[in-house]
Amino acid sequence: MSAAGKTRRICLWSGPRNVSTALMYSFAQRPDAVVVDEPLYAHYLAVSGARHPGREEVLASQDNDGNAVMQALAKDPVERPVLFAKQMAHHLVDIDLTWLGYFDNVLLIRDPVEMLPSLAEVLPEVTLRDTGLESQARLIERLEAAGGRPFCIDARLLLLDPAGVLRAVCERLGLSFYSSMLSWPLGPRPEDGVWAKYWYASVHRSSGFRPWRPSNRDMPPALERLYQACRPFYEFLLERAVGAQGADRAD
């Protein structure tokens with residue numbers, strides 16, 4: 001169990017366009033779980049100055065003090081045994097990382113050959129920071145160096161075998177697997193942040209994990225250099241993914 005006492009507190013550290021919202025909806029179907037949608041988003045926008053769709057709405061909707069947010073997630077009472085916080089790895093700017101010790105930390109990754117063209121449809125200019133991959137790699141290095149046992153979920157592997165990967169994830173977290181995690185109602189969800197209208201259109205049209213298919217988007221030539229920068233970080237993280245070679249290494 002995590003250092004947070006009787007409540008199992010899980011932070012999913014994702015990059016954008018990584019089926020993270022679908023995974024949040026999946027955990028929301030558990031009878032024992034409460035989910036939180038990107039609680040550090042307003043903090044990130046405030047400290048980074050990033051110009052994202054709906055920026056002012058997001059800033060007005062959440063506490064802009066990221067350390068106060070993490071303290072609340074780590075210590076406030078929770079009405080159910082499991083707290084699942086969907087987070088973006090690149091939101092960890094000017095945050096006291098000792099808060100991470102209160103959580104079971106899981107990273108959600110996606111091949112940049114699929115993620116980058118999707119991200120470019122939402123952001124006018126995509127940077128390495130926007131992908132979250134370098135932040136995820138540095139985060140897992142820190143967690144492992146501190147004696148933690150973080151692991152990764154790869155979006156492609158999850159979509160190829162949702163039940164199998166979710167069973168493995170639950171086992172790693174010491175949780176029971178529920179078949180209810182495989183589907184959810186169509187449309188917006190109560191747990192959505194105010195930014196859902198800008199980012200969640202695709203998942204709102206789904207009622208479960210969509211089968212994986214190779215991306216039909218071409219890599220824009222303008223993103224080729226960024227793709228080459230992303231690739232080593234992704235491959236480093238993939239070695240630690242549930243269901244991937246080397247993922248379940250002996251400790």
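- Few gaps surround CD on Q228; more than 12 heavy atoms of other groups in view lie less than 6.0 Å from it.
- In summary, the side chains of Y44 and H52 do not present any donor paired with an acceptor at a separation below 3.5 Å, with no hydrogens or angles considered.
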Item to check | F209 and W184: CA distance, side-chain angles, deciding distance, ring-ring contact (aromatic ring centres under 6.0 Å, His included) verdict | outcome: CA-CA 9 Å; F209 293 100; W184 49 84; 5.2 Å; yes

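- In this view, K75 satisfies the side chain to side chain donor-acceptor pair (under 3.5 Å) rule with no residue, not counting sequence neighbours.
- Using modelled atom types, one finds a donor on one side chain and an acceptor on the other under 3.5 Å when comparing W212 with E114.
- Using modelled atom types, one finds a donor on one side chain and an acceptor on the other under 3.5 Å when comparing D96 with T98.
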Item to check | S48 and R129: CA distance, side-chain angles, deciding distance, side chain to side chain contact (heavy atoms under 4.5 Å, CB included) verdict | outcome: CA-CA 11 Å; S48 71; R129 180 183 70 178; 3.8 Å; yes

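- A155 and L108 get closest at one heavy-atom pair: N-CD1, 4.3 Å.
- Put simply, the side chain of E191 never gets that close to the backbone of V35: no donor and acceptor are under 3.5 Å apart.
- Distance check, rounded to the nearest 0.5 Å: CG of L133 to NE2 of H90 gives 10.5 Å.
- Of all heavy-atom pairs spanning L83 and L73, the tightest one is CD2-O, 3.5 Å.
- Residues that satisfy the ring pair (Phe, Tyr, Trp, His ring centres under 6.0 Å) test with H43, not counting sequence neighbours, are absent from this structure.
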Checklist entry - Taking it one step at a time, do N105 and L139 satisfy side chain to side chain contact (heavy atoms under 4.5 Å, CB included)? => result CA-CA 10 Å; N105 294 284; L139 176 59; 5.8 Å; no

Item to check | Evaluation steps, side chain to side chain contact (heavy atoms under 4.5 Å, CB included), between R110 and Y234 | outcome: CA-CA 8 Å; R110 185 182 181 191; Y234 172 69; 5.6 Å; no

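- Using modelled atom types, no side-chain atom of R8 and backbone atom of A33 make a donor-acceptor pair closer than 3.5 Å.
- Here the shortest heavy-atom pairing between E144 and P150 reads CG-CG, 4.0 Å.
- Side-chain atoms of R210 and S202 form a donor-acceptor pair, as typed in the model, at a separation below 3.5 Å.
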